[in-house]
Structure formats: C-alpha cells, structure tokens
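Positions are given from 1, in the same order as the sequence printed here. Computed from a predicted structure; not experimentally measured.
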Amino acid sequence: MAMFGRIKMQLQVSHGSKKYNISLELADDDKGDVLTVHHLMKAIADVSEIKPQNQKLIYKGRSLTEPSQSLVGLGVRDGAKLMLLGKKTVSHDTEEVKKLLSVEAMLEKHENKMADMMSELNGISKGFLSQDLIPQALSHLKKQVGNATEQLMKQFEILDALRFDEDNKQARVKRKNVADKLNVCLDKCK
C-alpha cells in the first residue's frame, strides 16, 4: 500500500529567484501511508521560514490547497518542480501589529466613554439635572475629558513609535486609520 502513495520523494520548489530542494520521507510513526500536501508545506516552512498558512503551492498550473490530499494523487512525481508563492512573517512586525491592535482596542473604549460623556452633557443641556447639581456634574465631566485627552495622547505616542516594513501595507494603512480616529476623538475633547 505504501508503494502506491510513495513514502519518499525529492522535489524542487521555486520561490522567486530561490530554489529549494525538498526531500520528503514519511516518518515511521506518521499516520497514514502517503505523503500529502501538508507534509510538503511543513518541509517548505522548515527551509524557507514561510508558514504553511502563508504558502500557495502551484504544480502544473493547479493550486495545491487541500493539506490532506496525497501528492501522488495530485500527479506530483519524484523530481517534480513546483512554484511557491507567499511571504514569511517578519517577527518584529508581528509585535508591532499587536501593539497597533492594542491601541485600536483602547481607542474603541475611549470612543464609548466619549459617547457616554456626550450623552451626559446633552442631558444636562436639556435640563434633566437639577440646577444645583449642574456645577458639580460639569466639573466631573471636565475631569473625565481631561483624563480621556491624556490617555488618547499616550495612545498617539505608542502609535507614533510603531514601525512597519515597507511591504506590510495593511498594517501601515491600519495605523493611519487608527491615527485618524484618534484625531477625531481628540477633537471631541476640545
């Protein structure tokens, strides 16, 4: 049975100008008895540092997308040449993205607080509060706005310190969008 699915295979994978010679061999303790797309993706990740989820493999014009599919079943033979599309994740960029997401989450909390403060201010202006309590309520709101402004400025500092690689356009666009939302929030604090 293992002869049909092949338990050893030599392949050449091209990624841009790089070529990787991949040796696949089914481990004795591996479940199943055939080499699959998953085995190939894992071997490619080991030599190229491109995670399987970031890989797109092409063989004879077809994408190899299903990890459980047998390589031989897909027509991949010993000595075959495949093409790899994908980028490796830059580890320092992922830390920067985490910080960006943290700033975005904090901004969302501040937007909710600002909405609550605006609602309270509208209630005061519509006369829903006793005249003798208005000065105390306005003083409290003023403190809340001051705290919110300070927190938003700290988030701006964090955002300003983030550096993304040129090819990480998605994170760069997200940073700009978060900065725009921060500006809108700060304008409401004035």
For [X] versus [Y], what's the shortest heavy-atom pair and its separation?
X	Y	answer
Ala45	Gln55	N-NE2, 3.5 Å
Tyr59	Ala80	CE1-CB, 3.6 Å
His15	Gly86	NE2-O, 2.7 Å
Ala43	Ile22	CB-CG2, 3.7 Å
Ser48	Leu84	OG-CD2, 4.4 Å
Leu129	Ala137	CD2-CB, 3.5 Å

If hydrophobic clusters are built by linking Ile, Leu, Val, Met, Phe, Trp and Tyr wherever their side-chain heavy atoms come under 4.5 Å apart, do [X] and [Y] end up in the same one?
X	Y	value
Leu24	Ile58	no
Val184	Val145	no
Val97	Met106	no
Met9	Met83	no
Leu152	Leu141	no

Nearest 0.5 Å, what's the [atom1]-[atom2] distance between [X] and [Y]?
X	Y	atom1	atom2	value
Leu85	Asn54	CG	CG	12.0 Å
Gln144	Cys189	CD	SG	11.0 Å
Leu26	His39	CG	NE2	5.0 Å

Carboxylate-amine/guanidinium contact Lys154 Glu150, below 4.0 Å: yes
Donor-acceptor pairs under 3.5 angstrom involving side-chain atoms of residues 107-123: please list them, not counting sequence neighbours.
unit_1: Asn112; atom_1: ND2; unit_2: Glu108; atom_2: O; d: 3.4
unit_1: Asn122; atom_1: ND2; unit_2: Met118; atom_2: O; d: 3.4

Indicate yes or no: at least one non-hydrogen side-chain atom of [X] is less than 4.5 angstrom from one of [Y].
X	Y	result
Leu64	Leu82	yes
Met41	Leu57	yes
Phe156	Leu186	yes
Asn21	Val47	no
Val13	Lys19	no

Leu71 and its side-chain contact (heavy atoms from CB on, under 4.5 Å) partner, picked from Asp78, Val34, Val37, Thr36: Val37
Any pair counted as salt bridge (charged side-chain N to carboxylate O under 4.0 Å, His left out), so long as it reaches residues 54-73, sequence neighbours left out: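 Found none.
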Under 3.5 Å donor-acceptor pairs involving side-chain atoms of residues 171-182, not counting sequence neighbours:
unit_1: Arg172; atom_1: NH1; unit_2: Phe164; atom_2: O; d: 3.1
unit_1: Lys174; atom_1: NZ; unit_2: Glu104; atom_2: OE1; d: 3.3
unit_1: Lys174; atom_1: NZ; unit_2: Glu104; atom_2: OE2; d: 3.3
unit_1: Arg175; atom_1: NH1; unit_2: Leu162; atom_2: O; d: 2.5
unit_1: Lys176; atom_1: NZ; unit_2: Asp180; atom_2: OD2; d: 3.2

Whether Ser102 side chain and Lys98 backbone form a donor-acceptor pair below 3.5 Å: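 Absent.
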Sidechain-backbone polar pair: Glu96 side chain, Arg163 backbone, donor-acceptor under 3.5 Å: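 Such a contact is found between Glu96 side chain and Arg163 backbone.
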Heavy-atom neighbours of Gln131 CD exceed 12 at 6.0 Å: no
